[in-house]
Amino acid sequence: MLRNTRPQAEAFARERPAEATPTGEHGLLDDSTDPLVTAVPTIILNASIRFGGKLQVLADDQRLLTDDKLDVLERGATAVGIVHGLISEDHLQDLVRGRSVDHPSLQLADLVAGAGRAVGRWHDGQDDLAGEDLHSVVAPLVDPGSLLMAEEPEDFARVSPASTK
């Protein structure tokens, strides 16, 4: 539902007075409706809690994810983790950007993301043959501590015939 509001959010961002909502040097507020802005720190924090120790993160080189923005997002994830007692110290050893043509792990992540997107569409009742075929493989990969909002992983693994076409 949030993604469907993006046109209205972009229109609001274009119409608002620049001085009313300063974005600072990183420009993060201008991109706050992009799912990457919340996904990156959430994934880093969840991985830090789950695996402990210092993380090494390779992020796909996206136009949105500049070095300054990644730094702000990481500092935010660290602050939230420490304040809530989820982590005890800075949990990141390295956070670098790379291109999928140079890093096979990013190519694999792109494939898994595409499979997840297809399964999500199929699970949501859209006609997606790839999603139907991939569901039994992708559903077990859903992490309970990930970005699922109101659903439990077992809800994702179980498809209601009423919701599928």
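Count residues from 1 along the sequence. Hydrogens, waters and symmetry mates are skipped; everything else that's a heavy atom, side chains included, is used. Note that the structure is a prediction, hence the values are computed from the model and not measured.
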How many angstroms lie between [atom1] in [X] and [atom2] in [Y], if you round to the nearest 0.5 Å?
X: Gln107; Y: Asp102; atom1: CD; atom2: CG; value: 9.0 Å
X: Leu86; Y: Ile49; atom1: CG; atom2: CD1; value: 4.0 Å
X: Lys54; Y: Asp94; atom1: NZ; atom2: CG; value: 10.0 Å
X: Leu70; Y: Arg75; atom1: CG; atom2: CZ; value: 11.5 Å
X: Leu73; Y: Thr78; atom1: CG; atom2: OG1; value: 10.5 Å
X: His135; Y: Asp128; atom1: NE2; atom2: CG; value: 12.0 Å

Next item on the list: Evaluate salt bridge (charged side-chain N to carboxylate O under 4.0 Å, His left out) for Arg99 paired with Asp61, printing each intermediate quantity in order.
Entry: CA-CA 5 Å; Arg99 298 177 327 141; Asp61 191 12; 5.7 Å; no
Nearest heavy-atom neighbours spanning [X] and [Y]:
X: Gly98; Y: Leu58; answer: N-CD1, 3.7 Å
X: Leu45; Y: Ala77; answer: CD1-O, 3.8 Å
X: Leu65; Y: Arg97; answer: O-CD, 2.8 Å
X: Ser100; Y: Asp60; answer: N-OD1, 4.1 Å

Checklist line | Full working for side chain to side chain contact (heavy atoms under 4.5 Å, CB included) between Val96 and Val57 | finding: CA-CA 6 Å; Val96 296; Val57 177; over 6 Å; no
Check: Given the rule that I, L, V, M, F, W and Y join up when any side-chain heavy atoms are under 4.5 Å apart, are Leu106 and Ile43 in one cluster?
Finding: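 No, because Leu106 and Ile43 fall into different hydrophobic clusters, even though each may have its own neighbours under 4.5 Å.
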Next item on the list: Kindly work out whether a path of hydrophobic side-chain contacts (I/L/V/M/F/W/Y, heavy atoms less than 4.5 Å apart) joins Ile87 to Val80.
Entry: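 Yes, same cluster.
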Note to self: Strictly distance-based, threshold 3.5 Å: is any side-chain N or O of Ser48 a donor or acceptor partner for the main-chain N or O of Ile44?
What the structure shows: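 Not a single qualifying donor-acceptor pair exists.
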Check: How far apart are the C-alpha atoms of Asp68 and Val72, what are their side-chain angles, what is the distance that settles it, and do they pass the side chain to side chain contact (heavy atoms under 4.5 Å, CB included) test?
Finding: CA-CA 6 Å; Asp68 287 342; Val72 169; 5.7 Å; no
